[in-house]
S.K.: 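Quick one: the structure is below, and I'll ask about it shortly.
Chain naming here is simple, since letters A, B, ... match the order of the sequence lines and numbering starts at 1 in each.
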There are 2 protein chains.
Amino acid sequence: MIAIGEASRQSGVGIETIRYYEREGIVPKPVRASNNRRLYSAEDVGRLRFLKKCRDLGFRLADAKTLLDLSEGDGKDCRIVKELAVLHISYLRAKISELRRLETALYELTANCDSGNVSCPMLSQLRSANDR
Amino acid sequence: MIAIGEASRQSGVGIETIRYYEREGIVPKPVRASNNRRLYSAEDVGRLRFLKKCRDLGFRLADAKTLLDLSEGDGKDCRIVKELAVLHISYLRAKISELRRLETALYELTANCDSGNVSCPMLSQLRSANDR
DNA sequence: CTTGATCCTGTAGTTACTACAGAAGTTATA
DNA sequence: TATAACTTCTGTAGTAACTACAGGATCAAG
């Protein structure tokens, strides 16, 4: 059993974040040593690492918890997992194309923008009343 | 001079958001009617619309305010505008490639995932101790 | 005169942490 | 043994940019 700092190091999840996950009921409350300090097992660290990977993949915390619960449950079949993943992929794709759109729009706005212009064309564009 | 509801309609900025912008000092406090209700001029609506466009382009609110201030100032030259825009474009590009990476990773994780699997390969992958 | 729409202020909730403050306990060094 | 440095504890507040009330006042229409 290890202390929270070591659990943080082993899982890659920050100390404050671990305590936050505990408060939020994302992970079970760990046992306490006689001095009231939290003690984590290898399993606890595994959970934290699992959550970290999910978060790194862009899942929201609630979904990460769902996945964690699924992975601890008996029926580990894929349905819900795949559903969540597919949903998240389409969310990512939508986000990507939106950002690409923004990038293009912004690039075009700056195209005529050159130091020395008396009146900035980008600002003019943004100030214009038309379009939406 | 129009009421806040109409200003919201004309600018596309929500009523609560308009009041929020006022609280935060993003837009100047509007004049008040004798009944204490806010009254907006065409110029005020213009500011809101400007902010809306900036936000739609993905600028953070603070940057939107900077742009707004620039567009109201005397020296409307492009330097700071372009700087902000270029910075934001590179931020967008970084975000896009990050999301693409996530999409690929997630897609690969789901590849072997098929309803009916007894043990979900995606969960196994996430539970595995290796890599980070 | 009543109904429904709009507006007001002020506060709290959202997401997922992060950053303290102040106290207590632990470990390493002199 | 004293002291310093480190770690942990609880609890609270801050972040970004809104959004959602609650509870009350005012307004316009019929």
S.K.: What is the distance, to the nearest angstrom, from the OH atom on Tyr40(A) to the C1' atom on dT7(D)?
M.R.: 13 Å
S.K.: Rounding to a whole Å, what distance do you find between Ile18(A):CD1 and dA16(C):P?
M.R.: 17 Å
S.K.: Is there a donor-acceptor pair under 3.5 Å between the side chain of Lys53(B) and the backbone N or O of Ser128(A)?
M.R.: yes
S.K.: Strictly below 4.0 Å: does Thr17(A) bring a side-chain N or O up to OP1 or OP2 of dA16(C)?
M.R.: no
S.K.: Would you check if there is a donor-acceptor pair between the side chains of Ser41(B) and Asp44(B) at a distance under 3.5 Å?
M.R.: yes
S.K.: Could you give the CZ-to-C1' distance, from Phe59(A) to dA16(C), as a whole number of Å?
M.R.: 17 Å
S.K.: Just N and O in the side chain of Arg32(A): are any of them under 4.0 Å from OP1 or OP2 of dT10(D)?
M.R.: yes
S.K.: Roughly how many Å is it from CZ in Arg37(B) to C1' in dT9(C), rounded to a whole number?
M.R.: 13 Å
S.K.: Could you tell me the separation between the CG atom of Leu48(B) and the P atom of dC18(D), rounded to a whole number of Å?
M.R.: 12 Å
S.K.: Should we count CZ of Arg60(B) as having more than 12 external heavy atoms under 6.0 Å?
M.R.: no
S.K.: Does Arg38(A) contact dT8(D) through a side-chain donor or acceptor facing the base, at a distance under 3.5 Å?
M.R.: no
S.K.: Ignoring the backbone of Asn36(B), work out which of dT9(C), dT6(C), dC9(D) is nearest its side chain.
M.R.: dT9(C)
S.K.: Would you state whether a donor and an acceptor, one from the side chain of Arg19(B) and one from the base of dT9(C), lie under 3.5 Å apart?
M.R.: no
S.K.: Output yes when at least one side-chain N/O atom of Arg23(B) is less than 4.0 Å from OP1 or OP2 of dA17(D), else no.
M.R.: no
S.K.: For Leu51(A) and dA16(C), what is the distance between atoms CG and P respectively, to the nearest whole Å?
M.R.: 12 Å
S.K.: Round to the nearest Å and state the distance from Ile15(B) atom CD1 to dC8(C) atom C1'.
M.R.: 11 Å
S.K.: So, is Tyr20(A) near the phosphate of dT15(C), with a side-chain N or O under 4.0 Å from OP1 or OP2?
M.R.: no
S.K.: In whole angstrom, give the distance that lies between atom CD of Glu6(A) and atom P of dT26(C).
M.R.: 18 Å
S.K.: Under a 4.0 Å threshold between the charged nitrogen and the carboxylate oxygen, would Arg38(A) count as salt-bridged to Glu22(A)?
M.R.: yes
S.K.: With no hydrogens and no angle check, is any side-chain donor or acceptor of Arg47(A) less than 3.5 Å from a backbone partner on Val27(A)?
M.R.: no
S.K.: Tell me what Tyr21(B) touches on the nucleic acid: a base, only sugar-phosphate, or nothing, going by heavy atoms under 4.0 Å.
M.R.: sugar-phosphate
S.K.: Between the base of dT15(C) and the side chain of Arg60(A), is one N or O donor paired with an acceptor at under 3.5 angstrom?
M.R.: no
S.K.: Quick one: on DNA chain C, does Leu39(B) or Glu16(A) contact a more 5' nucleotide (nearest heavy atom)?
M.R.: Leu39(B)
S.K.: From the set dC17(C), dC18(D), dT7(D), return the single nucleotide nearest to any side-chain atom of Leu61(A).
M.R.: dC17(C)
S.K.: Which nucleotide in the set dT8(D), dC17(C), dC8(C) lies at the smallest distance from any side-chain heavy atom of Arg55(A)?
M.R.: dC17(C)
S.K.: Strictly below 4.0 Å: does Asn35(B) bring a side-chain N or O up to OP1 or OP2 of dC27(D)?
M.R.: yes
S.K.: I want to check something: taking the side chain as every heavy atom from C-beta on, are Lys95(B) and Lys95(A) in contact at a cut-off of under 4.5 Å?
M.R.: no
